[in-house]
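The shown structure was predicted, so the numbers you read here are calculated from the model rather than taken from an experiment.
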Amino acid sequence: MDIHSVRLELRMKSIYDIPLRVTYYARVSSESDEQLNSLGNQIAYYEDFIKRNAAWTFVPGYIDEGLSGISTKKRENFNRMVEEAAEDKFDLIITKEISRFARNTLDSIQYTRQLLNAGVGVFFQNDNINTFDEDSELRLSIMSSIAQDELRKLSSRVKFGHQQAIKQNVVLGNSRLFGYRKDNKRLVIDEEQAPMVGELFELYATDEYSMKQIETIFWEKGYRNLNGKKIAHSTMANMISNPKYKGYYVGNKVKVVDMFTKKQKFLPPEEWVMFKDETGEIVPAIVSEELWDAANAVLRRRSEDVKNRQGICNHANLLTGKLFCTHCGTAYYRRESKDKQGNKNSKWVCSGKINNGKDSCASFPVYEAEIKPLLFEVFRDTKDASAAMLAEYEQMYRSLVSDGSIEKKIEAAQATIELALKKKSKLLELVALDSISAADFKTMTADCNAEIKAAEQELAELREQQESSEEFRTNMERIRRVLRDAERDCANGEITKEFIDTFIDKIFLTPGDDGSLRLDIKIFTGETCEKYLEKLKRRSSSESRTGHTFKKMIEAYEQGIQ
């Protein structure tokens, strides 16, 4: 289905007036007679609802019985519906509400996006959300913000589980750790691999060998990684910085920062859960603390040297993690280059081509200075729509949290706790005066304790919601500031890392047979803008586009030459 055409029609028509092939999805979470009767009612309703609409063509629906909405993995008909959507068997799915797709709101958003990419819309009747509408992404995003409370609760439970695991001397994490193997949830030294680990620390601590040199030495000695290949210098750097090798338990090193992609961020050492294993029974040391500290001192100094050598060329890693090759599906890596005048200009090359050879991928290098003007174009083209979206987003979100209901619920929960404590105090007086029996005192005190526990749990959840609202406000202010600063920087021909990280989601690069390069630039609102660079493949190695300064390229763009 052509999403753009449908959206144009929706500006003048209702969804019910557009010719569409329409199906439905129904699900119940148990096999009880009452639930199955509810399912039968859903089926009858949707079949009649779709067939009565003269503009629509009925497509048989998809039904799952007695299955939980928590996960979509075992819902065969739901998964079949997603697959057949990609096969263009229907244009619109009608369902009762978002929870019909998944009790996890994030899964619901993921699948509605996947369906929309296949040209299929979803109409959640009870939620009044039609993903064909241009603002549906905004409204789904709002729901995902609200769903963060669920993630916070889960995170708290996971952290509690970590704490209990630590108390029970359980080592968390995977078993693919050089020098160790896991045995009964403890780390045990692998006598075959441990000598290599010790040698790594000893060589590096001398400050006479680079990681690349040690990589070559280890290869020649016959040391291999778990896949039988060369032990990469990046892997060795991670080994040197891992406190486990000096006999320290360490956990909580990463956290999820993207609820959709599950992207993880390494936390700074001060946030790790770390303690020395004095007994050596949980994490036995392979190297001494003195050797570990010496090797890490070299690692820190060399890391700082690398940072200082990068200079101030706008930002050396401006587009890291943003560029992806559509030909082989891998990320682009940055390679430093200089033009004839000695000016630095970052060149980006497909990592698949770097790792597998030039014939493995049809992509070709692109210079950062060639991409920047296109990003300015995209920003100029979309800044008004982005600002409008942010304003509406904020207004809609505030309408959900500004009625003071959270504060009222907090006050009610606190009042419940205070009342229950007073009841317990009174019960103590009554039992002391023999006005009630010990058995009654025990029963009624247990009831009070249950009330207090439930109210305390509700109070904690409500306060988490308050924190979520404050985080939302802070994040909105940051986005507004970044976009405001970008207007000024754009006029000066500058671009910042913060702007890229905030505004640009991903850039997909597709090489053309004619030597052109198509860039599909996806921004934070979910919108994708298509841009082109011409004749990149045919330029010779001696012919560098970086001979043009960035300022000249901006001037060329403004004069309409680009």
Side-chain angles (χ1 to χ4, degrees), residues 2-4 7 116-117 134 137 314-315 317-335 345-351 353 361-387 389 482-483 486-487 489-539 543-562:
D2 184 354
I3 303 294
H4 180 67
R7 286 180 170 170
L116 203 60
N117 286 336
E134 293 184 22
E137 179 73 19
N314 218 352
H315 195 289
N317 298 313
L318 190 69
L319 298 174
T320 296
K322 298 296 182 181
L323 301 174
F324 296 88
C325 174
T326 60
H327 186 272
C328 63
T330 60
Y332 268 64
Y333 286 174
R334 171 182 164 272
R335 291 289 182 267
N345 184 21
S346 296
K347 180 170 68 174
W348 293 86
V349 185
C350 170
S351 60
K353 197 164 190 173
C361 180
S363 64
F364 30 86
V366 59
Y367 289 98
E368 200 166 277
E370 296 169 321
I371 298 176
K372 287 177 183 177
L374 303 184
L375 301 184
F376 284 135
E377 269 189 62
V378 170
F379 173 66
R380 288 167 174 154
D381 292 346
T382 62
K383 66 178 182 180
D384 291 339
S386 298
M389 192 212 77
V482 169
L483 297 185
E487 290 193 56
D489 295 337
C490 183
N492 297 329
E494 299 176 359
I495 196 165
T496 66
K497 177 67 172 172
E498 187 179 27
F499 169 75
I500 293 294
D501 289 342
T502 302
F503 188 76
I504 303 298
D505 181 15
K506 289 183 177 66
I507 304 174
F508 298 98
L509 288 76
T510 304
D513 294 335
D514 60 351
S516 64
L517 187 67
R518 190 182 83 224
L519 291 84
D520 293 300
I521 303 170
K522 184 179 179 183
I523 64 174
F524 77 109
T525 63
E527 182 179 355
T528 299
C529 301
E530 191 175 284
K531 298 293 180 181
Y532 286 88
L533 290 170
E534 305 293 338
K535 300 180 181 178
L536 297 190
K537 190 175 183 180
R538 291 197 293 271
R539 64 184 174 198
E543 188 180 18
S544 174
R545 291 277 181 107
T546 57
H548 293 287
T549 63
F550 183 60
K551 182 177 179 181
K552 288 180 179 179
M553 295 191 72
I554 293 295
E555 291 173 351
Y557 160 71
E558 292 175 343
Q559 295 169 6
I561 297 174
Q562 279 292 99

Quiz item: To the nearest 0.5 Å, what is the distance between OG1 (Thr502) and CD (Glu498)?
Solution: 5.0 Å

Quiz item: Would you call Asp520 and Lys522 a salt bridge, taking side-chain N to carboxylate O under 4.0 Å as the test?
Solution: no

Exercise. Would you mind checking if Lys531 and Glu377 are paired as a salt bridge, meaning a charged N to carboxylate O distance below 4.0 Å?
Key: yes

Exercise. Could you tell me the separation between the CZ atom of Phe324 and the OG1 atom of Thr326, rounded to the nearest 0.5 Å?
Key: 12.0 Å

Quiz item: Nearest 0.5 Å, what's the CD1-CD distance between Ile521 and Glu530?
Solution: 10.0 Å

Quiz item: Is any side-chain heavy atom of Lys347 closer than 4.5 Å to a side-chain heavy atom of Val366?
Solution: no

Practice problem: Only one of Thr528, Asp505, Thr382, Asp381 passes side-chain contact (heavy atoms from CB on, under 4.5 Å) with Ile523; say which it is. | Solution: Thr382

Quiz item: Got Leu318 and Thr496 here, is their nearest side-chain heavy-atom distance under 4.5 Å?
Solution: no

Quiz item: Can you find a heavy atom in the side chain of Leu517 that is under 4.5 Å from one in the side chain of Glu370?
Solution: no

Exercise. For the residue pair Ile500 and Leu375, establish whether any side-chain heavy-atom pair is separated by less than 4.5 Å.
Key: yes

Exercise. Check whether any side-chain heavy atom of Cys325 sits under 4.5 Å from a side-chain heavy atom of Leu509, and report yes or no.
Key: no

Quiz prompt | Rounded distance (nearest 0.5 Å) linking atom CG of Leu519 with atom CD1 of Ile371 | solution = 6.0 Å

Quiz prompt | Side-chain touch Phe364/Pro511, heavy atoms, less than 4.5 angstrom | solution = yes

Self-check item: Greater than 12 external heavy atoms within 6.0 Å of Tyr333's OH
Solution: no

Quiz item: So do Leu319 and Trp348 actually touch side chain to side chain, heavy atoms under 4.5 Å?
Solution: yes

Quiz item: How far does NZ of Lys353 sit from OG of Ser363, to the nearest 0.5 angstrom?
Solution: 4.5 Å

Quiz item: Is the closest side-chain heavy-atom distance between Phe376 and Ile495 below 4.5 Å?
Solution: yes

Exercise. Report the relative orientation of the aromatic rings in Phe379 and Phe503; use parallel for angles under 30°, tilted for 30 to 60°, perpendicular for over 60°.
Key: perpendicular

